Amino acid sequence: MITGKDALQAVRAEAQDKLNSYDCRILVCSGTGCIATGSEKIYAKFVEICKDQEGIALEFAPHDGEKKAGVKKTGCQGVCELGPLVRIQKGDNVVQYTKVQLEDCEEIFKESVLGDGIVDRLLYRQNDIAYKAPDEIPFIAKQTRIALQNCGKVDAESLEEYIAAGGFEAFEKALFTMSTDDVVAEIDQSGLRGRGGGGFPAGTKWKQVAAQKEKDRYVVCNGDEGDPGAFMDGSVMEGDPYRLIEGMMIAAYAVSAANGYIYVRAEYPNSVKRLRHAIAELEAAGLLGDNILGTDFCFKMHINRGAGAFVCGEGSALTASIEGKRGMPRVKPPRTVEKGLFAKPTVLNNVETYANVPNIVLKGADWYRSIGTEGSPGTKTFSLTGAIQNTGLIEVPMGTTLREIIFDIGGGLKAGGTFKAVQIGGPSGGCLTEEHLDVPLDFDNVKKYGAIVGSGGLVVMDDNTCMVDVAKFFMGFTQRESCGKCGPCRIGTKRMLEILEKITAGNGELSDLDKLEEIGNFVKSRSLCGLGKSAPLPVLSTLKNFREEYLEHINEHKCKAHVCQSMKTFVIDPEACKGCTKCAKNCPVEAITGEKKGPHTIDNAKCIKCGTCMDNCPFGAISVQ
């Protein structure tokens with residue numbers, strides 16, 4: 001039990017001494033991506049190897065062995081596509097290994113733990129260059145990590161390691177040297193804007209809650225990250241749960257709240273598990289609960305699992321879900337800051353926003369404003385996915401361009417593909433194109449081009465992507481996720497989806513484009529909540545930037561990217577066809593005819609576009625036009 005400021009500082013000093021006493025730390029990435037590729041087995045294997053070694057101690061404590069090794073589960077190490085990831089740390093010397101398999105563990109241990117060698121084949125490579133240290137890898141070296149500062153570096157489940165890494169220094173500063181007004185002012189002056197999508201100033205929210213006459217207040221974290229392709233908040237919750245909680249504790253102190261709730265996406269069981277573990281550890285240490293660190297400040301934390309609905313990422317729907325009601329948005333005002341959770345004043349920010357708070361309090365508003373842009377200070381985490389060489393989790397200063405993210409950090413497109421567009425902000429966002437590659441990414445700039453930063457999902461697309469199909473995919477998602485409370489969203493998204501399905505089926509008319517724009521603008525302006533207001537953005541932005549593809553689908557009944565199934569035309573090259581009859585034998589509708597050992601033909605009136613013929617042709621004689 002940590003009973004005061006001096007006791008916390010003593011615990012920190014002791015934890016740092018213990019951390020520094022390791023001869024070697026084996027850091028196994030235990031983010032969701034690496035767990036999916038087998039990192040838990042890798043962790044267990046390293047533990048087994050260490051136990052079998054004479055003179056090796058595993059515990060986080062003084063030891064009698066000749067060497068002290070620690071096998072640790074870290075958060076996301078960033079290069080998600082190349083998991084399982086393992087780092088070997090000896091003091092300041094760190095080696096990053098990628099795609100580690102069970103059979104590699106013995107060799108890594110022998111070469112890099114017991115010795116100072118390198119297993120060269122497991123190093124990260126780009127353009128035939130091997131990189132040893134993680135900070136040398138271009139994907140990581142070009143980032144600026146604040147919210148992700150500890151991810152991949154400390155044991156995600158260890159309170160001692162978090163404290164050793166400087167954890168709760170900011171909370172200690174706020175609690176013992178700053179008034180509640182001072183903390184609110186620091187956040188306000190920093191210019192921190194909510195990282196959940198809207199970019200509303202966090203300091204303004206905090207001030208509004210602190211100014212309410214009602215003294216029963218709440219601090220709520222939105223961890224219901226539902227955008228397809230987004231995993232930033234999940235990575236923070238499972239990779240550095242104590243940082244998120246420390247940010248919420250500072251917010252609670254600033255607005256005099258006694259209870260905090262973290263609303264975690266139901267599909268994030270690893271985040272739920274680690275947050276619950278962290279809360280239990282903090283309660284046992286006296287850092288959560290009553291009279292924290294011997295002061296009058298009392299704060300308790302609660303975990304709520306999401307209801308599995310995208311709309312619960314909206315503030316009023318989220319608080320309704322915590323209360324046990326159906327997650328549906330309500331008319332505003334009153335705002336959440338006035339009547340939020342249980343109709344009490346509520347600070348509601350997302351995971352990344354709270355994760356920025358400790359460093360702002362510790363280093364000051366001016367330091368934070370020195371990063372990013374004037375209107376959008378600080379950094380932003382993005383999940384980088386799609387047709388790109390390096391997929392994974394990144395954090396860059398606000399104002400970084402798409403060109404820097406895609407080509408410098410992401411390593412360019414896969415297999416030499418040509419960049420076409422990037423979907424930013426998930427289903428609530430829009431498409432940016434080649435002409436936007438040098439636009440600084442921040443909350444205000446992106447809005448000028450019909451998109452939003454959103455929570456930070458970046459899906460990179462190449463010239464094999466059909467933008468009409470992309471618009472249909474995202475419209476299908478938002479239509480399914482509409483709560484149905486308001487007509488514009490419930491009906492409008494359904495009508496827009498029907499038109500897009502009609503176009504991709506080859507039955508579109510020119511008048512459909514005018515209908516899409518008309519309905520889209522109506523839904524955007526008349527919907528009740530942010531989900532409905534942003535639902536048409538993928539359609540409106542693709543109509544603006546890729547109108548020729550819509551016209552091609554309608555006028556020529558052609559999908560240049562060969563994605564829309566009904567518009568595919570399968571053709572057999574008579575010179576390449578050997579008449580083996582495999583295509584005809586496997587066609588489910590008998591649409592292929594021809595003599596044995598002679599060229600065959602496809603009757604496209606019968607063809608159902610299934611592609612079975614192409615799959616079965618051993619000579620590559622069948623193509624799509």
Side-chain angles (χ1 to χ4, degrees), residues 1-21 60-62 146-147 149-150 153-190 192 202-203 206 209-210 215 217 219 221 240-260 262 275 277-301 347 354-368:
M1 183 70 71
I2 305 172
T3 55
K5 178 181 178 181
D6 292 342
L8 177 59
Q9 292 175 349
V11 167
R12 183 175 298 115
E14 183 181 355
Q16 288 170 344
D17 287 343
K18 289 179 180 179
L19 189 61
N20 293 333
S21 71
F60 191 81
I146 296 175
Q149 180 179 333
N150 287 335
K153 295 182 178 181
V154 303
D155 186 335
E157 298 179 355
S158 172
L159 174 57
E160 282 185 295
E161 286 212 10
Y162 179 70
I163 291 175
F168 293 102
E169 284 186 7
F171 176 68
E172 176 190 324
K173 177 182 177 182
L175 192 60
F176 291 103
T177 67
M178 301 172 74
S179 69
T180 55
D181 290 342
D182 290 338
V183 177
V184 172
E186 197 74 53
I187 298 301
D188 189 41
Q189 290 164 16
S190 74
L192 173 65
W206 293 25
V209 172
K215 298 305 179 185
R217 301 160 183 173
V219 170
C221 175
D240 199 2
Y242 295 102
R243 177 178 294 274
L244 162 61
I245 294 170
E246 183 178 4
M248 293 183 69
M249 290 168 70
I250 292 170
Y253 170 72
V255 302
S256 303
N259 284 278
I262 307 176
L275 284 166
H277 173 80
I279 290 171
E281 290 288 297
L282 289 168
E283 288 173 344
L287 287 170
L288 276 179
D290 296 327
N291 304 115
I292 297 172
L293 294 178
T295 68
D296 293 334
F297 178 55
C298 304
F299 185 59
K300 296 180 181 179
M301 293 285 297
V347 170
Y354 285 120
N356 275 279
V357 168
N359 269 320
I360 293 173
V361 170
L362 197 59
K363 299 180 181 180
D366 291 340
W367 164 80
Y368 193 71

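Worth saying up front: this structure is predicted, and the values here are computed from it rather than measured.
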Student: Could you list the residues that satisfy ring pair (Phe, Tyr, Trp, His ring centres under 6.0 Å) with Phe168, not counting sequence neighbours?
Tutor: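 For Phe168 the ring pair (Phe, Tyr, Trp, His ring centres under 6.0 Å) partners, ignoring immediate neighbours, are Tyr162.
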
Student: Between CG of Leu175 and CD1 of Ile250, what distance do you get to the nearest 0.5 Å?
Tutor: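 Between atom CG of Leu175 and atom CD1 of Ile250 there are 10.0 Å.
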
Student: Using the test side chain to side chain donor-acceptor pair (under 3.5 Å), find all partners of Ser179 that sit at least two apart in sequence or belong to another chain.
Tutor: Asp182

Student: What residues form a side-chain contact (heavy atoms from CB on, under 4.5 Å) with Glu172, not counting sequence neighbours?
Tutor: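 By the side-chain contact (heavy atoms from CB on, under 4.5 Å) rule, Glu172 matches Lys5, Leu8, Gln9, Arg12, Phe176.
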
Student: Do you know the tightest heavy-atom contact between Val361 and Ala170?
Tutor: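 Reported closest heavy-atom pair: CG1-O, 3.6 Å.
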
Student: Could you pull out all residues at least two apart from Ala280 that satisfy side-chain contact (heavy atoms from CB on, under 4.5 Å)?
Tutor: none

Student: Taking the side chain from Tyr242 and the backbone from Leu275, do they hold a donor-acceptor pair closer than 3.5 Å?
Tutor: no

Student: Suppose we screen for side-chain contact (heavy atoms from CB on, under 4.5 Å). Which residues come up paired with Val184, at least two apart in sequence or across chains?
Tutor: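 For Val184, the residues satisfying side-chain contact (heavy atoms from CB on, under 4.5 Å) (neighbours in sequence not counted) are Trp206, Lys207, Ala254.
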
Student: In Å and rounded to the nearest 0.5 Å, what is the CD1 to OH distance from Ile245 to Tyr354?
Tutor: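 Going from CD1 on Ile245 over to OH on Tyr354, the span is 12.5 Å.
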
Student: Working to the nearest 0.5 Å, report the span between SG of Cys221 and CE of Met301.
Tutor: 7.5 Å

Student: Sequence neighbours left out, what passes side-chain contact (heavy atoms from CB on, under 4.5 Å) with Ala165? Give chain and number order.
Tutor: Asn150, Val154

Student: Just how far is it from atom CD of Glu186 to atom CG of Leu362, taken to the nearest 0.5 Å?
Tutor: 10.5 Å

Student: Quick one: pull up CD1 in Ile279 and NZ in Lys300 and give me the separation to the nearest 0.5 Å.
Tutor: 13.0 Å

Student: Just wondering, do Val255 and Thr180 contact through their side chains at under 4.5 Å, heavy atoms?
Tutor: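 Counting from C-beta outward, Thr180 and Val255 never come under 4.5 Å.
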
Student: Would you say Glu14 and Gln16 make side-chain contact, with heavy atoms under 4.5 Å?
Tutor: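 No. Closest side-chain heavy atoms not under 4.5 Å.
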
Student: Heavy atoms, side chains only, cut-off 4.5 Å: are Met248 and Ile262 in contact?
Tutor: yes

Student: Would you call Lys173 and Glu169 a salt bridge, taking side-chain N to carboxylate O under 4.0 Å as the test?
Tutor: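 No, Lys173 and Glu169 are not salt-bridged.
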
Student: Would you indicate whether the side-chain heavy atoms of Phe299 and Leu282 approach each other to under 4.5 Å?
Tutor: no

Student: Would you mind listing every salt bridge (Lys or Arg N to Asp or Glu O under 4.0 Å) that reaches into residues 246-260, with sequence neighbours excluded?
Tutor: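 Output for this query is empty, none listed.
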
Student: How close do Met1 and Ala284 get, heavy atom to heavy atom, and via which atoms?
Tutor: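 The answer is CE-O, 4.0 Å.
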
Student: Would you say Cys298 and Asn291 make side-chain contact, with heavy atoms under 4.5 Å?
Tutor: yes

Student: Could you pull out the closest heavy-atom pair between Val183 and Ala174, with the gap in Å?
Tutor: CG2-CB, 3.9 Å

Student: If I compare all heavy atoms of Glu161 with all of Asp155, which pair ends up nearest, and what's the gap?
Tutor: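 Scanning both residues completely, I find the closest heavy atoms to be OE1-N, 2.9 Å.
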
Student: Any pair with a residue in residues 277-298 that passes salt bridge (Lys or Arg N to Asp or Glu O under 4.0 Å), sequence neighbours left out, goes on the list, sorted by first then second residue, please.
Tutor: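 Counting only pairs at least two positions apart or across chains, no salt bridge (Lys or Arg N to Asp or Glu O under 4.0 Å) contact touches residues 277-298.
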
Student: With rounding to the nearest 0.5 angstrom, report the CZ to CD1 distance, Phe171 to Ile292.
Tutor: 5.0 Å

Student: Check whether any side-chain heavy atom of Met249 lies under 4.5 Å from a side-chain heavy atom of Leu288, and answer yes or no.
Tutor: yes

Student: Does Asp181 have any side chain to side chain donor-acceptor pair (under 3.5 Å) partners at least two apart in sequence or in another chain, and if so, which?
Tutor: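 Counting only residues at least two positions away or on another chain, Asp181 forms no side chain to side chain donor-acceptor pair (under 3.5 Å).
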
